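Following: one structure in structure tokens, then a few remarks.
Keep in mind it's a predicted model, so treat the numbers as computed, not measured.
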Amino acid sequence: MLSISNLQASYGKVEVLHGISLDVPKGKLVTLIGSNGAGKTTTMRAISGMLKPKGGTVTLDGKDITGADSHKIARAGLAHSPEGRRVFASMTVTDNLLLGAFPRFTRARPRGDIKHDLEKALELFPRLKERQTQLAGTLSGGEQQMLAMARAVMLNPEVILLDEPSMGLAPILVEEVFKIISRLKSEGVTMLLVEQFAAAALNVADYGYVLENGTISVHGPAASLKTDPKVIAAYLGGG
Ligand code: ATP
């Protein structure tokens, strides 16, 4: 389980996260929604070590990982699929996926069957399967986004942070991404999902948190957030 308590983060002197707390229980899909600039990406970066938190704690299965280096956090079993298309452009799809598994070699627990997991990841992402030998830099934006997600899966992590996996995708691909998220969930993968499509995120999630200006304003089971008039008015396009 991933647990964040009173997390604070700043860029220079500007504090962006003012002490947020959230839990992602094992096997659950938790979503973090909020307006542009609320601090969702900053939260993900502060969890995964890309940004050093100014205060608070982050624990993974009871182990304190607050402010540790990203590679150590990956080794501890936390995968971050970042916003945007962060793939290794001059490497093939398959090599990008294998790199995702690299931290498993330096982990204390058994590394598992990487070849089997590669096949499984390619089954999960048929678009990538068709393009295994293609250089990642020549994939479409949507395909690169999927590759970033598939690479996170290849870590065989305890928790996956998914930052706006649907960003910039055509509607048909957005649907595909949400289907993949549902499938990962049904396989028991623990995930924290940041999404611009709040309604779609609440439909697949077990639990949700609303981030407003760096503070959690509401949280609860996804089903009850979907019917919360304030959430509907602000994030689900209702009035
Ligand atoms: P969006 O949905 O638009 O991606 P977000 O909720 O993910 O928004 P963040 O990207 O976390 O928001 O940004 C939170 C605030 O921090 C914003 O005001 C943003 O301008 C600021 N910010 C983000 N990255 C930096 C940075 N590298 N340096 C300075 N300020 C930053």
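- Contacts of Q132 classified as side chain to side chain contact (heavy atoms under 4.5 Å, CB included), with partners at least two apart in sequence or in another chain: T94, L122, K129.
- A donor-acceptor pair under 3.5 Å is absent between the side-chain atoms of D95 and the main chain of M91, judged by distance alone.
- Residues passing the side chain to side chain contact (heavy atoms under 4.5 Å, CB included) test with Q134, sequence neighbours excluded: R131, T138, L139.
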Quick one: side chains of residues 43-53, donor-acceptor pairs under 3.5 Å with protein atoms, not counting sequence neighbours, listed by atom name and distance.
| from | atom 1 | to | atom 2 | distance (Å) |
| --- | --- | --- | --- | --- |
| T43 | OG1 | G39 | O | 2.7 |
| R45 | NH1 | Y11 | OH | 3.3 |
| S48 | OG | M44 | O | 3.4 |
| S48 | OG | H80 | ND1 | 2.7 |
| K52 | NZ | G67 | O | 3.1 |
| K52 | NZ | A68 | O | 3.3 |
| K52 | NZ | D69 | OD1 | 3.4 |

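- R104 has a carboxylate O that lies under 4.0 Å from a charged side-chain N of D117, or vice versa, which qualifies the two as a salt bridge.
- With rounding to the nearest 0.5 angstrom, the CE atom of M146 is 4.5 Å from the CG atom of L173.
- Within the structure, salt bridge (Lys or Arg N to Asp or Glu O under 4.0 Å) contacts touching residues 196-216 (residues at least two apart or in different chains) are K185-D206.
- Between the side chains of S3 and D23, at least one donor N or O sits under 3.5 Å from an acceptor N or O.
- Here the shortest heavy-atom pairing between S90 and L135 reads O-CD2, 3.6 Å.
- Considering only heavy atoms from C-beta on, M149 comes within 4.5 Å of L162 through its side chain.
- Between the CD atom of E15 and the OG1 atom of T42 there is a distance of 11.5 Å, given to the nearest 0.5 Å.
- R86 meets the salt bridge (charged side-chain N to carboxylate O under 4.0 Å, His left out) test with no other residue; sequence neighbours excluded.
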Pairs of donor and acceptor atoms involving the side chains of residues 24-37, under 3.5 Å and at least two apart or interchain, shall be tabulated with distances.
| from | atom 1 | to | atom 2 | distance (Å) |
| --- | --- | --- | --- | --- |
| K26 | NZ | E158 | OE1 | 3.2 |
| T31 | OG1 | L193 | O | 2.9 |

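- In terms of the side chain to side chain contact (heavy atoms under 4.5 Å, CB included) criterion, residue partners of V218 (sequence neighbours excluded) are, by chain and number, V210, L225, D228.
- Side chain of N96 to backbone of V87: no donor-acceptor contact under 3.5 angstrom is found.
- D61 pairs by the side-chain hydrogen bond (donor to acceptor under 3.5 Å, both in side chains) definition with nothing, not counting sequence neighbours.
- In this structure, S81 contributes its side chain and A152 its backbone to no donor-acceptor pair below 3.5 Å.
- Between Y207 and H219, the angle of the ring planes lies from 30° to 60°, which puts this pair in the tilted group.
- Between L211 atom CG and H18 atom NE2 the span is 9.0 Å, to the nearest 0.5 Å.
- In this structure, the side chains of Q196 and M167 come closer than 4.5 Å at one or more pairs of heavy atoms.
- How far CG of N6 is from CD of Q8: 5.0 Å, rounded to the nearest 0.5 Å.
- K230 is linked by a salt bridge (charged side-chain N to carboxylate O under 4.0 Å, His left out) to nothing, counting only residues two or more places apart in sequence or in another chain.
- The side chain to side chain contact (heavy atoms under 4.5 Å, CB included) check on A200 picks up F178, F197, with sequence neighbours excluded.
- Side-chain N/O atoms of D163 and T41 include a donor and acceptor closer than 3.5 Å.
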- request: Check step by step if salt bridge (charged side-chain N to carboxylate O under 4.0 Å, His left out) holds for E123 and R183.
  value: CA-CA 12 Å; E123 289 306 323; R183 179 142 163 229; over 6 Å; no
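- Using a 4.5 Å heavy-atom threshold, the side chains of L147 and L128 count as touching.
- One distance of note links CG of L202 with OG of S224; it measures 9.5 Å at 0.5 Å rounding.
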- prompt: Does the pair E83 and K40 meet the rule for a salt bridge (charged side-chain N to carboxylate O under 4.0 Å, His left out), with working shown?
  reply: CA-CA 10 Å; E83 195 180 33; K40 304 181 297 297; over 6 Å; no
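- Sorted by first and then second residue, the pairs that involve residues 164-175 and meet side-chain hydrogen bond (donor to acceptor under 3.5 Å, both in side chains), not counting sequence neighbours, are S166-E195.
- Here the CG atom belonging to L118 is positioned 6.0 Å from the CG atom belonging to L97, to the nearest 0.5 angstrom.
- Listed by chain and residue number, nothing satisfies the salt bridge (charged side-chain N to carboxylate O under 4.0 Å, His left out) test with K72 (two or more places apart in sequence, or in another chain).
- For the residue pair A79 and L155, the shortest heavy atom distance occurs at CB-CD2, 3.6 Å.
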